[in-house]
Amino acid sequence: MVLGAGGFIGRQIVAELTAAGHRVTGVVRALAGLDRAFPDARFVELDLTRATGPADWTPHLAGVDIIVNAAGLLRGAGMEAVHVTAPRALYAAAATAGVRRMVLISAISARTGVDTDYARSKLAGEQVLRDAGIGWTILRPSLVYGDGSYGGTSLLRGMAGLPLRVPLPGDGSFAFTPIHVRDLARAVRLTCEEARFAGEVLEPVGPETLSLRALLARYRAWLGFGAARFVPVPLPVMRLLARIGDVAGSGPIATNSLAQLVAGNAGNSAAFADAMGFAPRSVGEALAERPAQVQDRWHARLFFLAPAIRGVLVLLWLASAALGLFTGAAATAGFVDTLGLAPGWGEGLRIGTSILDIVIAGLVLLDRRGRLATGAQLAVVIGYTLALGAALPALWLDPLGPLLKNLPILALICVHGAIAENR
């Protein structure tokens, strides 16, 4: 059983285990087509923030020998449930069901010196596993990168892809010993297959330790964007940007991710290679194996544009609401009169549409996957455009009027809908 099977690391673990002939049950919050992407595995939909009792897990453990817990949250209200409460319930059910061993994917920066709720909950989750009465192995990887990207590696690509100058938090000396996600998945498989890893705490890392500056320079060269010219960003400024990301809920950087970065993510390469019996590939080797393609350059350039587009759309809907509430009485009255409606319709129409604008602004801000927000925006803008165009077709002749301006807005909504989801 693999928890977090739909994530960046979890998918690779599922692929590695099924390729080796193991029968895999993936636990995911939402199926989202994973059963078609991995036809040799089966999947169970469980929200870990709700699966907090042993009875939630017992029906799914028949025939399970080993559980790999690759579920994690870097921020959000459900962190304690995902890292501690749900695993405690799972381990209790697993002990009763006869599961032989647990493998936990933790983090190299989850340690007592890192004062974040992420580090504390990860450490608490490790202790819950140790106390569960089942054989266990804990893996604490450094920065995990791959052909694709997620989280920290997406941020690195986005920073490396910025035009003119690459922002460098602090002096850029923070150390990483990155491991490729396929090498981590291989290590997970070997950990599952070989009993000698029971009771071990391992730090999966690659063969070289690099500074943040060096990583950004390598990614920029790989993307084909030329030499990296850095502009230092003081850490107080980074912390302010991280707080903004916390408030937005899905910004490119957050307080926890910045704290984990500053804490350092270096590990002992030789010790891990000796323990596993294979040498993970270096960043240089991995990048040379798979040259950057147009999709990689698109992703890097769009990384910071995605939250910018979301912000623009939120401001657009809020501005529309403000205009309707404070200056729209005359325009609404004229519109109602043109349609031949009773004057009483004007106030209700003005206030109702302004409230709808505020609701949609909130939806755009809070809908992290962008699907519901995109559908609502398209419905309102297309409906408004068609209705107004049918009632007052002459408005199409006004290049700055209320109809033609909706065409670029519709395009922006569609782009946001296409790139909002970052998994």
Find out whether [X] and [Y] are in side-chain contact, i.e. whether some heavy atom of one side chain is under 4.5 Å from a heavy atom of the other.
X	Y	result
I179	F272	yes
R130	V201	yes
W136	E200	no
L412	I309	yes
T137	F197	yes
F174	S211	no
Y118	H83	yes
L164	R229	no

Looking only at heavy atoms, which two atoms of [X] and [Y] are closest? And how far apart?
X	Y	answer
G206	S269	O-OG, 2.5 Å
V314	A361	CG2-O, 3.8 Å
A94	M102	CB-SD, 4.5 Å
L31	E45	N-OE2, 2.7 Å
L73	G78	CD1-C, 3.7 Å
F38	R11	CZ-O, 3.7 Å

Donor-acceptor pairs under 3.5 Å, side chain of residues 376-390 to any protein atom, not counting sequence neighbours: which ones?
| unit_1 | atom_1 | unit_2 | atom_2 | d |
| --- | --- | --- | --- | --- |
| Q377 | OE1 | W317 | NE1 | 2.9 |
| Q377 | NE2 | A373 | O | 3.2 |
| T385 | OG1 | V381 | O | 2.7 |
| T385 | OG1 | N406 | ND2 | 2.8 |

Between [Y] and [X], does any NZ, NE, NH1 or NH2 come within less than 4.0 Å of an OD or OE carboxylate oxygen?
X	Y	value
E126	K122	no
R182	D147	yes
R50	D56	no

Can you tell me if [X] and [Y] form a side-chain donor-acceptor pair at under 3.5 Å?
X	Y	value
R42	T25	yes
H22	E193	yes
R239	T255	no
T177	T209	yes

Test side chain to side chain contact (heavy atoms under 4.5 Å, CB included) applied to L156 and L215, step by step: CA-CA 8 Å; L156 287 176; L215 269 174; 4.2 Å; yes
Expected output: side-chain [X] to main-chain [Y] donor-acceptor under 3.5 Å:
X	Y	answer
R101	I66	no
D117	S121	no
E285	S282	yes
R157	G148	yes
S320	L316	no

Sequence-distant partners of R290, salt bridge (Lys or Arg N to Asp or Glu O under 4.0 Å), two or more places apart: D296
Side chain to side chain contact (heavy atoms under 4.5 Å, CB included) evaluation trace for Q12 with L184: CA-CA 9 Å; Q12 294 291 338; L184 175 58; over 6 Å; no
Parallel, tilted or perpendicular: rings of F303 and H299 (30°, 60°):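 The rings of H299 and F303 sit tilted, inter-plane angle from 30° to 60°.
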W396 CH2: over 12 foreign heavy atoms closer than 6.0 Å: yes
Heavy atoms from other residues, nucleotides or ligands near CZ of R196 exceed 12 (cutoff 6.0 Å): yes
Euclidean distance, [Y] [atom2] relative to [X] [atom1], rounded to 0.5 Å:
X	Y	atom1	atom2	value
T18	R23	OG1	CZ	13.0 Å
N265	L212	CG	CG	10.5 Å
L162	M159	CG	CE	8.0 Å
T96	Y91	OG1	OH	15.0 Å
E203	I138	CD	CD1	11.5 Å
L90	L46	CG	CG	9.5 Å

Derivation and outcome, side chain to side chain contact (heavy atoms under 4.5 Å, CB included), residues L3 and I67: CA-CA 8 Å; L3 277 65; I67 297 174; 3.7 Å; yes
NZ or CZ of R186 within 45° of F278 ring axis and under 6.0 Å: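 Verdict for F278: a cation-pi partner in R186.
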CA sep, side-chain torsions, deciding dist, call: I105, V188, side chain to side chain contact (heavy atoms under 4.5 Å, CB included): CA-CA 9 Å; I105 311 296; V188 170; 3.7 Å; yes
Salt bridge (Lys or Arg N to Asp or Glu O under 4.0 Å) between R281 and E289, intermediate numbers included: CA-CA 10 Å; R281 72 204 77 185; E289 283 175 8; 3.2 Å; yes
